[in-house]
There are 2 protein chains.
Amino acid sequence: MRATRELKAEPHGRKEVSVADYLSAAILNGRFAPGQRLIEAELTSDLGVSRGPVREAFRRLSAEGLIEIVPNRGAMVRRLSIVEALELFEIRTELEALAARLASVNMKDPRVRTAFEEAIAPIWSIEPRHSTADYLLENQRFHAAVIAAAGNGQLVKLNQQMHLSLIMAQISSSLTSHVIGTSLHEHRMIATAIRARDAEAADAAIRDHLHRAQEFMRAMPPELFRRED
Amino acid sequence: MRATRELKAEPHGRKEVSVADYLSAAILNGRFAPGQRLIEAELTSDLGVSRGPVREAFRRLSAEGLIEIVPNRGAMVRRLSIVEALELFEIRTELEALAARLASVNMKDPRVRTAFEEAIAPIWSIEPRHSTADYLLENQRFHAAVIAAAGNGQLVKLNQQMHLSLIMAQISSSLTSHVIGTSLHEHRMIATAIRARDAEAADAAIRDHLHRAQEFMRAMPPELFRRED
DNA sequence: TAGGACAATATTGTTTACAAAAGAAGGCGG
DNA sequence: CCGCCTTCTTTTGTAAACAATATTGTCCTA
């Protein structure tokens with residue numbers, strides 16, 4: 001019953017949401033590993049809340065695809081199979097290509113343009129990236145910026161539900177500095193095309209980027225993924 | 001405590017899921033109107049379950065986008081704004097275009113082909129459609145068949161999360177038989193292109209279809225939608 | 001009568017305790 | 001070694017209670 005990690009206390013204020021946020025952050029930054037089991041009793045005592053909010057958070061996260069609930073066995077951090085990961089990339093390619101085209105058009109709005117420029121600023125840095133975790137964050141921010149510039153709220157929501165972060169956390173151990181360099185260069189190509197308001201080029205550049213990433217993933221050791229059913 | 005509508009009784013078997021299914025069906029077929037409030041106490045007595053499973057089902061459906069939860073006010077059936085609906089259609093266009101291309105390629109697999117043919121068979125019927133509810137179902141089945149033929153499991157999942165049904169239920173009152181006829185004709189064009197394994201034509205046909213539907217929606221009385229924030 | 005303060009009611013958010021069922025683990029006899 | 005049994009852990013559902021918040025109704029006053 002002792003709370004080792006306190007949640008921010010909101011009076012009568014939806015602990016279920018706090019628990020979901022806590023778990024979500026822990027999973028996406030890798031503190032909870034894919035496949036790890038989440039035990040109600042542990043969380044209730046660790047977070048100092050009762051079963052109700054924990055179970056409600058589980059249901060929400062399960063619907064969001066971050067965890068998996070096996071009947072009578074409980075929840076575990078979701079682990080994608082290689083097929084699922086490739087399928088997600090296939091879809092992601094279409095969604096981001098759409099976003100890149102819309103973003104290119106929207107560059108004519110100066111407010112959208114400056115917001116975009118600010119958000120992607122880090123990609124122009126010459127400095128070598130310190131850690132893969134840093135790159136992961138930069139990568140996620142770049143793609144999020146493109147999608148935000150598209151100005152389609154549903155696209156933003158859908159992107160969050162697709163859990164690129166989940167995939168990235170799973171494969172992060174195999175990222176080399178060479179791969180990161182290539183990816184960074186492609187980000188710059190995409191940004192340049194969008195800045196130039198060249199929708200065609202932006203579409204092509206982001207498709208290239210994601211296809212290359214897809215091929216990279218396919219070549220990865222299979223033990224990084226959940227084995228196929 | 002009396003259960004007026006029994007859920008199928010599974011022994012110790014995840015009533016939360018039964019409740020979610022029940023609500024989901026009731027919402028999608030229009031028995032629960034958009035904006036209608038869902039009260040825990042009513043559902044517990046109507047369905048004969050306690051508050052726990054009901055609340056868990058709420059959280060899941062909220063994450064799926066079928067209902068909305070307002071803090072301290074509870075759950076209500078989600079009602080889309082016109083902007084949300086149009087944004088969803090924009091995304092949907094890309095996803096279904098991808099599905100149509102993949103489906104065209106997959107037609108070379110005879111099993112996929114026969115499954116597809118069977119699923120879309122109703123569109124060839126000459127008979128006039130009896131009710132808009134009938135057409136809604138036929139429409140949903142047609143689009144689901146195209147997506148299923150694409151063979152991308154994640155695409156199927158994502159499609160379910162996009163709630164075309166929710167939009168359709170919202171605008172169903174404005175569907176005329178002329179609109180239905182046009183839509184049906186376009187379905188046939190799409191199916192013909194996929195059957196011919198002409199990915200380009202299928203892509204174009206489904207984009208046309210969805211763009212027309214989008215324009216139709218834009219011309220609709222605004223009171224059918226939630227007012228913009 | 002219109003409008004506002006205030007009390008009564010309804011509803012949600014959370015905790016606690018208990019009971020039932022399923023899965024996992026380990027031992028035991030064959 | 002294999003199958004079966006028991007035991008333990010864990011999930012799942014129920015019920016009752018209380019606190020916190022929202023809604024509604026009422027009464028009073030201008």
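In what follows, chains carry the letters A, B, and so on, assigned in the order in which the sequence lines appear, proteins first and then strands, with residues in each chain numbered from 1. FYI, side chains are in, hydrogens and waters are out, and symmetry mates aren't considered; it's all heavy atoms of this structure.
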Whole-Å distance between [N] [atom2] and [X] [atom1]?
X: B/Arg51; N: D/dC18; atom1: CZ; atom2: P; answer: 14 Å
X: A/Asn72; N: C/dA24; atom1: CG; atom2: P; answer: 10 Å
X: B/Leu47; N: D/dT14; atom1: CG; atom2: C1'; answer: 15 Å
X: A/Arg14; N: C/dT15; atom1: CZ; atom2: C1'; answer: 18 Å
X: B/Glu56; N: D/dT11; atom1: CD; atom2: P; answer: 12 Å
X: A/Leu43; N: D/dT10; atom1: CG; atom2: C1'; answer: 13 Å
X: A/Ile39; N: D/dT9; atom1: CD1; atom2: C1'; answer: 9 Å

Worked verdict on B/Ser183 versus B/Arg212 for side-chain contact (heavy atoms from CB on, under 4.5 Å): CA-CA 9 Å; B/Ser183 174; B/Arg212 202 199 44 76; 4.1 Å; yes
Listed nucleotide nearest any side-chain atom of [X], set [options]:
X: A/Ser50; options: C/dG13, C/dA22, C/dT16; answer: C/dT16
X: A/Val49; options: C/dT15, D/dT11, C/dT12; answer: C/dT15
X: B/Lys15; options: D/dT14, D/dT12, D/dT21; answer: D/dT14
X: A/Arg55; options: D/dT11, C/dG13, D/dT14; answer: D/dT11

C/dA10 phosphate, OP1 or OP2, under 4.0 Å from B/Arg37 side-chain N/O: no
Distance test, side-chain N/O of B/Arg73 to OP1/OP2 of D/dT23, below 4.0 Å: yes
Closest heavy-atom pair and its distance - A/Ile194, A/Ala100: CG1-O, 4.3 Å
Shortest non-hydrogen separation from B/Phe225 to B/Arg79 and the atoms involved: C-NE, 4.0 Å
Scan [X] against the nucleic acid and name what it touches under 4.0 Å (heavy atoms): base, sugar-phosphate only, or nothing.
X: B/Gly52; result: nothing
X: A/Glu40; result: base
X: B/Leu38; result: sugar-phosphate

Atom CZ of B/Arg141 with >12 non-hydrogen neighbours under 6.0 angstrom: no
Test item: side-chain donor near acceptor, A/Asn139 and A/His187, under 3.5 Å: yes
